[in-house]
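Data block below; observations after.
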Amino acid sequence: MTTSLFVGNIAYGAMEKEIRDLFAQHGTVQNVRFIMDLRKGRFKGYGFVTMPNQDAVVAVRELDGTEFQGRTLKVKEARASVDADRRSA
DNA sequence: GTTGAGCGTT
């Protein structure tokens, strides 16, 4: 039972570890995926965090709109979710 | 050598 969260407006200098640690403060982080530009290999500035459904809801509520490394984070349930685990959130 | 709304690499 996990939910994929879309995380946007991440600072270009941020690291997956920092996002994972940030989300871990509000729940159990199952996985963190930073989206890189496959052509240039640069960070696109957004990523996805997978958490248990209940923790994901809390994380969105607690982290969406908050500041992270000078940028206002955008946290929301992912749309193009490869995982169909948004059933019991 | 850059940038700033969005929905992803196995």
Side-chain angles (χ1 to χ4, degrees):
Chain A
M1 311 301 186
T2 59
T3 298
S4 296
L5 299 178
F6 171 81
V7 185
N9 204 40
I10 304 174
Y12 291 121
M15 296 175 290
E16 295 183 10
K17 174 183 176 300
E18 297 172 317
I19 291 294
R20 181 181 177 109
D21 189 71
L22 182 69
F23 279 75
Q25 296 176 25
H26 300 282
T28 301
V29 178
Q30 300 290 10
N31 190 277
V32 178
R33 229 169 21 192
F34 267 32
I35 306 309
M36 310 296 271
D37 190 325
L38 297 181
R39 301 165 301 186
K40 306 170 187 173
R42 271 194 326 186
F43 178 43
K44 280 191 176 180
Y46 72 94
F48 292 88
V49 176
T50 303
M51 303 179 75
N53 293 348
Q54 52 184 334
D55 292 346
V57 176
V58 176
V60 172
R61 183 180 303 154
E62 298 298 321
L63 297 176
D64 183 37
T66 62
E67 184 180 290
F68 177 71
Q69 296 191 351
R71 312 293 166 175
T72 302
L73 280 185
K74 296 179 182 177
V75 184
K76 193 178 183 182
E77 181 180 351
R79 290 179 176 170
S81 58
V82 184
D83 307 306
D85 39 28
R86 59 175 66 187
R87 59 194 67 168
S88 57

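A, B, ... follow the sequence lines: proteins, then strands. Residue 1 opens every chain.
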To the side chain of [X], which of [options] is closest?
X       : options              : value
A/Arg71 : B/dG4, B/dG6, B/dT2  : B/dG4
A/Asn9  : B/dT9, B/dC7, B/dG4  : B/dG4
A/Arg33 : B/dG6, B/dT2, B/dT10 : B/dT10
A/Phe6  : B/dG4, B/dC7, B/dT3  : B/dC7
A/Ile35 : B/dA5, B/dC7, B/dT9  : B/dT9
A/Tyr46 : B/dG8, B/dT2, B/dT9  : B/dG8

Rounded to whole Å, please give me the gap between [atom1] in [X] and [atom2] in [N].
X       : N     : atom1 : atom2 : result
A/Phe34 : B/dC7 : CZ    : P     : 18 Å
A/Asp64 : B/dC7 : CG    : C1'   : 15 Å
A/Phe43 : B/dG4 : CZ    : P     : 15 Å

Original post:
Of all of residues 10-21 of chain A, which get a heavy atom below 4.0 angstrom from DNA chain B, listed by number?
Top reply: A/Ile10, A/Ala11, A/Tyr12
Subject >> Heavy-atom closest contact (A/Phe68 atom, A/Ala14 atom, distance) >> reply: CE2-CB, 3.7 Å
Subject >> Least distance between heavy atoms, A/Ala59 atom then A/His26 atom >> reply: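 Heavy atoms only, the tightest pair is CA-CB, 4.2 Å.
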Subject >> Side-chain heavy atoms of A/Gln69 within contact of A/Glu18, under 4.5 Å >> reply: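 They are in contact (side-chain heavy atoms under 4.5 Å apart), so the answer is yes.
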Original post:
Listed by chain and number, what are the side-chain contact (heavy atoms from CB on, under 4.5 Å) partners of A/Val75, not counting sequence neighbours?
Top reply: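 Expected list: A/Leu5, A/Val7, A/Phe23, A/Val60, A/Leu63, A/Asp64, A/Leu73.
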**OP:** Quick one: which residue pairs count as a salt bridge (Lys or Arg N to Asp or Glu O under 4.0 Å) with a foot in residues 35-57 of chain A, not counting sequence neighbours?
**Re:** A/Asp37-A/Arg39
Original post:
Counting just side-chain N and O atoms, does A/Arg42 come under 4.0 Å of either OP1 or OP2 of B/dT2?
Top reply: yes
Subject >> Ring geometry between A/Phe43 and A/Tyr12 (parallel below 30°, tilted from 30 to 60°, perpendicular above 60°) >> reply: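 Aromatic pair A/Tyr12/A/Phe43 classed perpendicular.
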